[in-house]
S.K.: 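What follows is a single structure, and I will ask about it in a moment.
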Amino acid sequence: MPAARFGGQQPAFDFGNMLQQIEMEGGRSALQFLLSEASLFYPYCKTNMTRGRTAGPGGNIDPAGKTTAGTPGRDVTAMRPGLEDSLLVAPGLISPIRRTDTSTILFGCLFTGRNPSTIDISVANETFRTIVQALTPGLNICFQLERERRDHAFQRLLLSQVDGPAVLINADRDILAQSGNVMKALARMGAATENGQRLTTSCMKLDTALADLTAEAVPQPPPACAHTQLQRSLVIDEVDSFPQRISISTVYPSRAAPEQTPAPFFVLKVSEAREVPEDLEKWLQDHFDLSQSEAHLARHLTMTGSMSATVSDLRITRNTAKTHLRRIYEKTGVNTQLQLAKLVHRLAQLF
């Protein structure tokens with residue numbers, strides 16, 4: 001968490017640095033306690049922390065300086081020389097008001113020109129809570145807008161790289177954006193699924209390719225990153241013996257600040273079957289003596305890559321489809337769906 005700074009003129013007061021120097025029980029600092037352990041929205045007394053009347057493990061500090069549970073902390077009043085000013089020694093209340101996996105927001109009120117004996121604890125506590133309650137809705141809206149802005153940026157980044165079903169993930173395999181029915185396609189291929197906004201691989205080849213790219217890719221500042229795109233391509237052939245292609249490439253987001261070096265993201269794209277023109281069906285009938293139904297099935301099966309999908313789309317039984325496919329094999333001289341698909345795609349280039 002960036003250190004909070006008070007005061008609009010230089011030199012600004014480094015509030016976070018002050019909390020870092022207040023040592024509590026077990027060697028932890030007040031800042032560490034507030035960032036990771038302190039209860040949200042609870043008003044902790046800064047003066048009590050400074051004097052060492054701190055809560056032990058599992059305890060809280062009330063504004064009156066009493067611990068609700070745990071063991072008493074030790075008295076640590078010595079601060080770094082040069083930081084003693086009105087803000088440093090002023091009493092006040094501090095509370096964590098928002099905490100995520102990566103950051104914590106602290107809010108504090110310092111009562112300058114006062115000392116603990118001249119402050120009505122109950123009034124200060126109630127005023128502090130009122131201010132926090134007023135701030136919280138605005139913070140929620142701010143973070144919601146920030147999430148939407150980030151999501152839109154991810155979506156733009158993804159769409160700028162691909163024109164088909166694709167998913168954008170980070171090194172932890174969190175799903176940042178997706179387009180088309182990419183997750184359905186990956187699940188149908190037996191390659192990956194979406195599990196709580198995370199990409200869970202179910203194919204060894206895909207898992208290995210992602211692991212290799214993650215190990216090889218390193219954060220790089222623009223414009224260098226534009227020339228270091230890494231790519232992998234793999235074929236998954238577990239579904240109805242029909243191959244599907246997945247391409248993986250690195251992509252770098254724009255820097256939020258000049259000093260930042262963005263880490264790479266990864267784009268997984270599923271290659272869809274190319275469109276096969278209807279005119280090819282007539283050609284197949286004329287040159288291989290296929291029936292209209294056989295030519296229709298050959299073209300449709302090539303585009304879907306799935307016998308189940310073809311049977312459903314054409315509204316025929318699986319036995320009928322198998323009979324058509326056997327006759328197609330006999331007339332064209334191919335032996336598998338893969339060979340048929342290659343033949344049809346090669347012929348489709350003539351149209």
Side-chain angles (χ1 to χ4, degrees), residues 158-159 161-167 175 178-195 199-207 209 232-248 267-351:
L158 174 63
L159 295 178
Q161 299 296 315
V162 297
D163 55 1
V167 58
I175 296 176
Q178 54 183 292
S179 63
N181 294 320
V182 62
M183 295 313 303
K184 289 183 178 180
L186 289 172
R188 187 173 62 250
M189 296 162 59
T193 57
E194 182 176 359
N195 184 12
L199 185 79
T200 301
T201 57
S202 48
C203 169
M204 182 63 71
K205 287 194 291 186
L206 177 58
D207 187 68
R232 293 288 189 279
S233 181
L234 57 149
V235 175
I236 310 294
D237 53 7
E238 285 80 0
V239 180
D240 285 344
S241 299
F242 191 86
Q244 302 283 343
R245 182 172 176 267
I246 301 176
S247 59
I248 313 171
V267 175
L268 280 70
K269 178 182 177 182
V270 177
S271 297
E272 297 179 301
R274 292 177 294 175
E275 185 68 26
V276 179
E278 293 184 10
D279 292 345
L280 182 62
E281 292 186 21
K282 183 65 169 58
W283 196 94
L284 290 171
Q285 295 177 52
D286 293 342
H287 287 75
F288 291 105
D289 197 27
L290 298 187
S291 69
Q292 184 177 7
S293 296
E294 291 165 357
H296 194 43
L297 183 137
R299 172 176 171 269
H300 202 88
L301 182 60
T302 297
M303 290 190 299
T304 65
S306 167
M307 179 61 79
S308 298
T310 299
V311 167
S312 176
D313 292 346
L314 299 183
R315 297 182 179 180
I316 59 177
T317 66
R318 182 172 286 273
N319 285 337
T320 299
K322 288 182 178 179
T323 299
H324 287 338
L325 189 59
R326 176 175 54 80
R327 291 174 179 171
I328 292 170
Y329 288 168
E330 292 172 353
K331 295 177 181 180
T332 59
V334 301
N335 300 306
T336 65
Q337 283 184 226
L338 177 57
Q339 292 177 356
L340 176 62
K342 289 181 178 179
L343 171 64
V344 172
H345 278 308
R346 187 167 61 249
L347 295 174
Q349 295 176 7
L350 301 175
F351 294 85

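The analysis underlying the following values was restricted to heavy atoms, covering all of them including side chains, and did not include hydrogens, waters or symmetry mates.
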S.K.: How far does NZ of K184 sit from CD of E194, to the nearest 0.5 angstrom?
M.R.: 11.5 Å
S.K.: Do L206 and I248 make a side-chain contact, defined as non-hydrogen atoms from C-beta onward lying under 4.5 Å apart?
M.R.: yes
S.K.: Minimum heavy-atom separation for A187 and T193, please, with both atom names.
M.R.: CB-CG2, 4.3 Å
S.K.: Say whether, by atom type as modelled, one donor and one acceptor occur between the side chain of T332 and the main chain of I328 under 3.5 angstrom.
M.R.: yes
S.K.: Would you name the heavy atoms of V276 and R299 that are closest together and state the gap between them?
M.R.: O-NE, 2.7 Å
S.K.: Would you name the heavy atoms of L314 and L297 that are closest together and state the gap between them?
M.R.: CD1-CA, 4.1 Å
S.K.: Does the side chain of L340 reach to within under 4.5 Å of the side chain of T336, using non-hydrogen atoms?
M.R.: no
S.K.: Are any side-chain N or O atoms of K269 and backbone N or O atoms of A166, one a donor and one an acceptor, separated by less than 3.5 Å?
M.R.: no
S.K.: Side chains of L199 and L268: does their closest heavy-atom pair fall under 4.5 Å?
M.R.: yes
S.K.: So which atom in K331 and which in D289 form the shortest heavy-atom distance, rounded to 0.1 Å?
M.R.: NZ-O, 3.0 Å
S.K.: Hey, could you give me the OG/CE distance between S312 and M307, rounded to the nearest 0.5 Å?
M.R.: 13.0 Å
S.K.: Would you mind telling me which of V182, N181, V167 makes a side chain to side chain contact (heavy atoms under 4.5 Å, CB included) with V270?
M.R.: V182
S.K.: So does Q339 have more than 12 non-hydrogen atoms from other groups sitting under 6.0 Å from CD?
M.R.: yes
S.K.: Backbone N or O of G190 within a donor-acceptor pair of the S202 side chain at under 3.5 Å?
M.R.: yes
S.K.: A side-chain contact here means heavy atoms from C-beta on lying under 4.5 Å apart; do V311 and T317 qualify?
M.R.: no
S.K.: Main chain of H324, side chain of Y329: is a donor-acceptor contact present, judged purely on distance under 3.5 Å?
M.R.: no
S.K.: Quick one: does any side-chain atom of E330 pair with a main-chain N or O of R327 as donor and acceptor, under 3.5 Å?
M.R.: no
S.K.: Using 30° and 60° as the class limits, which term best fits the ring planes of W283 and H287: parallel, tilted or perpendicular?
M.R.: parallel
S.K.: Mind checking whether V344 and M303 have side chains closer than 4.5 Å, heavy atoms only?
M.R.: no
S.K.: Under 3.5 Å, side chain of T323 to main-chain N/O of N319, donor-acceptor pair present?
M.R.: yes
